[in-house]
Amino acid sequence: MLTIKFIQENPELVVEKLKVKNFDASEIVHEILSLYEQKNRAQQNADQAKAEMNKLSKEIGLLFREGKTDEANQAKNRTSELKENIRQLDQEFSSIDEKVYELLIQLPNIPNESVPAGKTAEDNKVVKSGGKNVELSGDSLPHWELAQKYNLIDFELGVKLTGAGFPVYRGKGSRLQRALINFFLDEARNAGYEEIQPPLVVNEDSGFGTGQLPDKEGQMYHVTVDNLYLIPTAEVPVTNIYRDVILDAKDLPYKNTAYSACFRREAGSYGKDVRGLNRLHQFDKVEVVQIAHPDKSYEVLEEMVAHVESLVQKLELPYRIVKLCGGDMSFTSALTYDFEVWSAAQEKWLEVSSVSNFEAFQANRLKCRFRDENNKKPQLAHTLNGSALALPRIVAALLENNQTSEGIKIPDVLVPYCGFEMID
RNA sequence: GGUGAGGUGGGUGAGAGGCUGAAACCACCGGUUUGCUAAACCGACGUACGGGUAACACUGUACCGCGGGUUCGAAUCCCGCCCUCACCGCCA
C-alpha cells in the first residue's frame, strides 16, 4: 500500500496517476486526508490524557511509599474519570485509524510515469521483439498433440490423479522440465542471484505480506486444517524473507532466485485458453527477486529484463517484450514488462514472464526497510520480481516451434541439460 | 498424537507490581590510544505514531509473542489464543 505520508504530500499526483490505472481515487484520497487529520487530533487527545494518568499514577506510588496513605487514596478517587475518558478517546482513535487503513489498502500502486494509459491488453506497448520467425509446414501440430504423439505429457492421467490442470509429465517430457529448471537456475546464479529453496506452503502473514491476502484469497489453494496456503509463486516465500527486517543500505540489492512448483486455483478462468499447457493449476517456475535501493530500482528492473531476455534468446524463441498499460497492470505494480513467446502452431503470443517494480508499495506492507549512513530513520526498500521463467508455455513454444518431420529439436543450450538432442 | 519447558531490544540473557524502554554481556557505530592490526578505555546504540524544528535537538504516547482482564499503576498477577523448543510415539 501507499504510505499516508506520500498521499498527504502528493494528493493531486496520486489522483492523477491512478487515472492511468483507470482508478478514480479522488474520493478516497480526500477522505483519507480528512480522516488522517482527525486521527492525529484524536491521538493528541488520547496521548494527553494518558500522560496525565501516568503522572498521577507515579504520584500515587510516591505517596504510598512515603506512607501518606490518605493523600494517596484521595488521589485515587480522581483516576476513575480520567480512566473512562482515556477509554473513550482510545476507542475514537482506533476506529478512525482503522478506517484510514481500510481506505489505504484500497488504493493501487501508482504507475511509473512511463506507463501508457489504456484499458486492456490491447493497449500494451510492444517495446522490443526478437528471435527469428518460425516457418511450420502445413501438417504441424499444436503442443498438446505433440505431447501425446511423443508421450511427453499425459493430461488425461493428470485428470485421473488430481483433476484438470494437473498434467503428468513423463519420459523426455519430464526430463525436459528438469533440464529447463536447471538451466534457468544456473543462468540466474551466473547473474548473481542466490539460490533459495523455499517452502511451498506459507502462512497468513506471508500471504498478506506480498498482497495475495486478503483480496486475492480465492486464487490460492487453502489448507484449512492448518490455515496455510499453497504458494501461487515463489515470490511469496522469497519476498517474505524480507518481511519485518531493517537491512543495511550497503548490502543492497539482495538478489534471490528460486525454483518452485506454483499452485493457482484460477477460479473464474475456466474455458479460456486452457487447452494443453496454456493455463494450469500447477506449474513450475523459476523466479527472481530483488530488494533494491529506491534510487536504483529502475536500473535493477532493466537488469532483470535483460536477464529474462537473455533466457528466451538462448532458447531461440521468437519473443516480444511488452510494457503493460495502466489498465492491464497488477494492483501492486508500478511498472511491468511482460515477456511473450510465439507459439507457432497455436499462432499465439504466450506470456512467459512478468517483470515488475513494486517500488515501496509491497515493502510498506512487508515492512521491508533499510538504513543508510545519511538517514537515522529506516526507509522503505523497493521490491522487484520476475519470472525467469515459467515453464509450461516455454515448453509449449519449444515443442511447436521446433517440430520437424524427424521429431522435435532441442535448442543447443538445453542439450547438455537434457541429455538428448531430439524428441522422436 | 502424548508430555514437559519457554516466548524480553540485532544476539545471549536478567527483571517476578511503581525508581524498567527495560541490567549485564556480545555484536554494530563514533572516539581516544597505537607504526599498522589487535587489545584496552570512553561514548552512542530499538521501532511506530503524534507534537516540535528549515533540518537537528527536544518532547508525548504505545510496544517485553497476540488479544482481553485485575490494579491508581502490569514485561511482572489472571484468562484465552498463537508460536517455538525438548523428549516419547509414528514416519520420509
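Treat the numbers as computed from the prediction; the structure is a model and nothing was measured. Letters A, B, ... mirror the listed sequences (proteins, then strands); counts begin at 1.
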N or O in side chain of A/N54 less than 4.0 angstrom from B/rU61 OP1/OP2: yes

Minimum-distance nucleotide (side-chain atoms of A/R371 versus B/rG46, B/rG18, B/rC49): B/rG46

Distance under 6.0 Å and angle within 45° of ring axis: A/K172 vs A/F420: yes

Stepwise side chain to side chain contact (heavy atoms under 4.5 Å, CB included) check, A/Y101 with A/M1: CA-CA 10 Å; A/Y101 179 76; A/M1 61 188 171; 3.7 Å; yes

A/Q313 and A/Y319: side chain donor to acceptor below 3.5 Å: yes

Separation of the P atoms in B/rG67 and B/rA62, to the nearest angstrom: 15 Å

Between P of B/rC81 and CG of A/N203, the distance in whole Å: 20 Å

Which donor-acceptor pairs under 3.5 Å do side chains of residues 159-170 of chain A form with protein atoms, sequence neighbours excluded?
none

Is there any protein nitrogen or oxygen under 3.5 Å from a nitrogen or oxygen in nucleotides 53-57 of chain B, and what are the pairs?
residue	atom	partner	partner atom	Å
B/rA57	OP1	A/K376	NZ	3.3

Distance between C1' atoms of B/rU12 and B/rG4 (Å, rounded): 24 Å

Check against side chain to side chain contact (heavy atoms under 4.5 Å, CB included), A/F184 and A/K285: CA-CA 9 Å; A/F184 291 146; A/K285 180 160 63 64; over 6 Å; no

N or O in side chain of A/R41 less than 4.0 angstrom from B/rG51 OP1/OP2: no

Sub-4.0 Å heavy-atom contacts from residues 43-52 of chain A onto RNA chain B, ordered by number: A/Q43, A/Q44, A/D47, A/K50, A/A51

Gap in Å between the two C1' atoms, one belonging to B/rA40 and one to B/rA54, rounded: 43 Å

Presence of A/R369 side-chain N/O under 4.0 Å of B/rA48 phosphate oxygens OP1/OP2: yes

Interatomic distance, A/H222 atom NE2 to A/R265 atom CZ [nearest 0.5 angstrom]: 11.0 Å

Rounded distance in Å between the P positions of B/rG30 and B/rA38: 12 Å

